[in-house]
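Below is one structure; the comments refer to it alone.
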Protein chains: 2
Amino acid sequence: MPDRTSSSRTTPRTVTLAIDVVLLTPRGSELAVLLAPGDVGKARGRERWTLPSDTLRGEESLDEAAARIARDAAGAAPSFLDQAATLGGAQLTVTYFGLVPDAGGGARRSADWVGLSELPALGVRHREEIEVAMTAMRARVDQHPIAFRLLPAAFTLSELQAVYELLLGRRLHKASFRRSLHASALVEATDEWRSEGRGRPAQLFRYAPPRRRRQRRGIRFDLLG
Amino acid sequence: MPDRTSSSRTTPRTVTLAIDVVLLTPRGSELAVLLAPGDVGKARGRERWTLPSDTLRGEESLDEAAARIARDAAGAAPSFLDQAATLGGAQLTVTYFGLVPDAGGGARRSADWVGLSELPALGVRHREEIEVAMTAMRARVDQHPIAFRLLPAAFTLSELQAVYELLLGRRLHKASFRRSLHASALVEATDEWRSEGRGRPAQLFRYAPPRRRRQRRGIRFDLLG
DNA sequence: GCGAATTAGTAACAATTCGCTAATAAAGTC
DNA sequence: GACTTTATTAGCGAATTGTTACTAATTCGC
């Protein structure tokens, strides 16, 4: 039998490449995504807004290009950046997602940040990329402590819970949240407190990852689907 | 302030593209990956084995190309195939992972299937791709019932558990596994039994996904890392 | 035939975890 | 000082999990 595996190889093909970045930031009670003014000169002229995007420059890697694109678009380096997926089609598009701590009145016009519930007319491709980015981001939240990337070094537990709720898109129960958090030993208390207007002052905590983690348990079939 | 986001755009750049597929199959007590004889004509000639790979052909999409590459390499279409990650570098490589139900004495030379514990000398890139594919596969196992793709329509619970153990790379407790499984209602019993040599015959089950799933619960901080 | 070995399947118990309610604490407001 | 607001923790009942041990049905050796 001929070896189809290698005999079927064709000469490397070149494709046009784009790297798109879905930057997310907390904005009130929802996440906002950074949109740039679209190419007005385009033929159809329908897409007024697009995701920050560029192609590779020089000898930079994909991660480096994504970091550069994110930095140029947001005015500062994102505190977390990771690849979400690659879409084929007319041109190859590698989609990244990133987290930006607080864009309110930052270096860039805050009008570029658009809440996820009020997205303007976007191309199908861009809307799909945002979906993919959200899915990848939520998968990371469950496996990696990226929520802390959206907070300063010292934060209150209410702030931390609010970030988790934003990222996951659902409410969490306060007592349960804190119990799980304390059991995980991901944070440690400082001796500082912060009074935020009315109500009892909240103690400040800092992120303090444990040396070794616990072993994971059985299969959670209820998470399947 | 000038709009750096769009003014910094450069003209789309072309790169060479490769699509690599990490095909996995059960093989005794571990998973095996499909390796093809490497390009002997290469300059260094070090890499004797490579992953099935090709570039895009015609107007096919990434997914279609990966399916074609997998089919050509394994002799049959994989029962599951999904994108793992994209690696940059000299050429852009989109890595897919796939599951193949049972390659024992199948259409292709079974010598191509190599157990994960006995991988031959591979390029750094290929080894990295296998790592990435395993990570993506295990993330999928937790969220999607892909384990059933490695089994025939009717299977015993011991077989199902063995598949989960292979995919996750760790042992599971029998009683807990079955309790979770029954609670999930992912399988339904048939009225058939199978006697596998010695020991009590096992009842056969079939995959029967429930109409609606349960809501997911709080954060599992113990899974972070 | 009969007991040992082997594999399948389940019951039951203890410990842990989870979702929730309620209690207490410490501030500001009137 | 009473009332409101936010933070924090205690505690309870229910559900889940990890484990051991038991029962069931078959083959193997004699």
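Within every chain, numbering begins at 1; the chains are lettered A, B, ... in the order of the sequence lines, protein sequences first and strands thereafter. Because the structure is predicted, anything quoted here is derived from the model rather than measured.
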Using whole Å, what does the distance between atom [atom2] of nucleotide [N] and atom [atom1] of [X] come to?
| X | N | atom1 | atom2 | answer |
| --- | --- | --- | --- | --- |
| B:His182 | D:dT16 | NE2 | P | 16 Å |
| B:Arg194 | D:dT27 | CZ | P | 15 Å |
| A:Arg171 | C:dG19 | CZ | C1' | 15 Å |
| B:Phe177 | C:dG9 | CZ | P | 12 Å |
| A:Leu181 | C:dC18 | CG | C1' | 16 Å |
| A:Phe155 | D:dA7 | CZ | C1' | 16 Å |
| B:Arg178 | D:dT17 | CZ | P | 17 Å |
| B:Leu172 | D:dT19 | CG | P | 12 Å |

What's the spacing between A:Leu167 CG and A:Leu99 CG if we round to 0.5 Å?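 Answer for the CG-CG pair, A:Leu167 versus A:Leu99, is 6.5 Å.
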
For the residue pair A:Asp20 / A:Ser53, report whether a side-chain donor-acceptor contact shorter than 3.5 Å exists.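 Distance-only check passes for A:Ser53 and A:Asp20.
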
How would you list, by chain and number, every residue that makes a side chain to side chain donor-acceptor pair (under 3.5 Å) with B:Arg194, sequence neighbours excluded?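 Residues passing side chain to side chain donor-acceptor pair (under 3.5 Å) with B:Arg194: B:Glu159.
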
Can you name the side chain to side chain donor-acceptor pair (under 3.5 Å) partners of A:Glu165, sequence neighbours left out?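 Residues passing side chain to side chain donor-acceptor pair (under 3.5 Å) with A:Glu165: A:Gln161, A:Arg171.
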
Which residues pass the side chain to side chain contact (heavy atoms under 4.5 Å, CB included) test with [X], sequence neighbours left out?
| X | result |
| --- | --- |
| B:Ala67 | B:Arg71, B:Leu81 |
| A:Val132 | A:Ala84, A:Ala85 |
| B:Pro152 | none |

Please tabulate, one pair per line, each protein N/O and nucleotide N/O from nucleotides 4-6 of chain D that are separated by under 3.5 Å, including the distance.
{"residue": "D:dT6", "atom": "O2", "partner": "A:Arg200", "partner atom": "N", "Å": "3.0"}

Checking contacts here: which listed nucleotide ([options]) is nearest the side-chain heavy atoms of [X]?
| X | options | result |
| --- | --- | --- |
| A:Gln203 | D:dT9, D:dT8, D:dT26 | D:dT8 |
| B:Ala202 | C:dG9, C:dC20, D:dT19 | C:dG9 |
| A:Ala175 | D:dA7, C:dT21, D:dT19 | C:dT21 |
| B:His173 | D:dT9, D:dT20, C:dC13 | D:dT20 |

Reading 5' to 3' and counting Watson-Crick or G-U wobble pairs with both distances under 3.5 Å, write the dot-bracket notation for DNA chain D, | for bases paired outside the strand. ||||||||||||||||||||||||||||||

In a table with atom names and distances, give each donor-acceptor pair under 3.5 Å that connects a side chain of residues 202-209 of chain B to protein atoms at least two apart or in another chain.
{"residue": "B:Gln203", "atom": "NE2", "partner": "B:Thr190", "partner atom": "O", "Å": "2.9"}
{"residue": "B:Arg206", "atom": "NH1", "partner": "B:Glu188", "partner atom": "OE2", "Å": "2.9"}

If you go through the side-chain atoms of B:Arg179, does one of them form a donor-acceptor pair with the base of C:dG9 closer than 3.5 Å?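 Per atom types, no contact qualifies.
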
Does any pair with a residue in residues 146-156 of chain A pass side chain to side chain donor-acceptor pair (under 3.5 Å), and if so which ones, sequence neighbours excluded?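 Pairs touching residues 146-156 of chain A that pass the test: none.
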
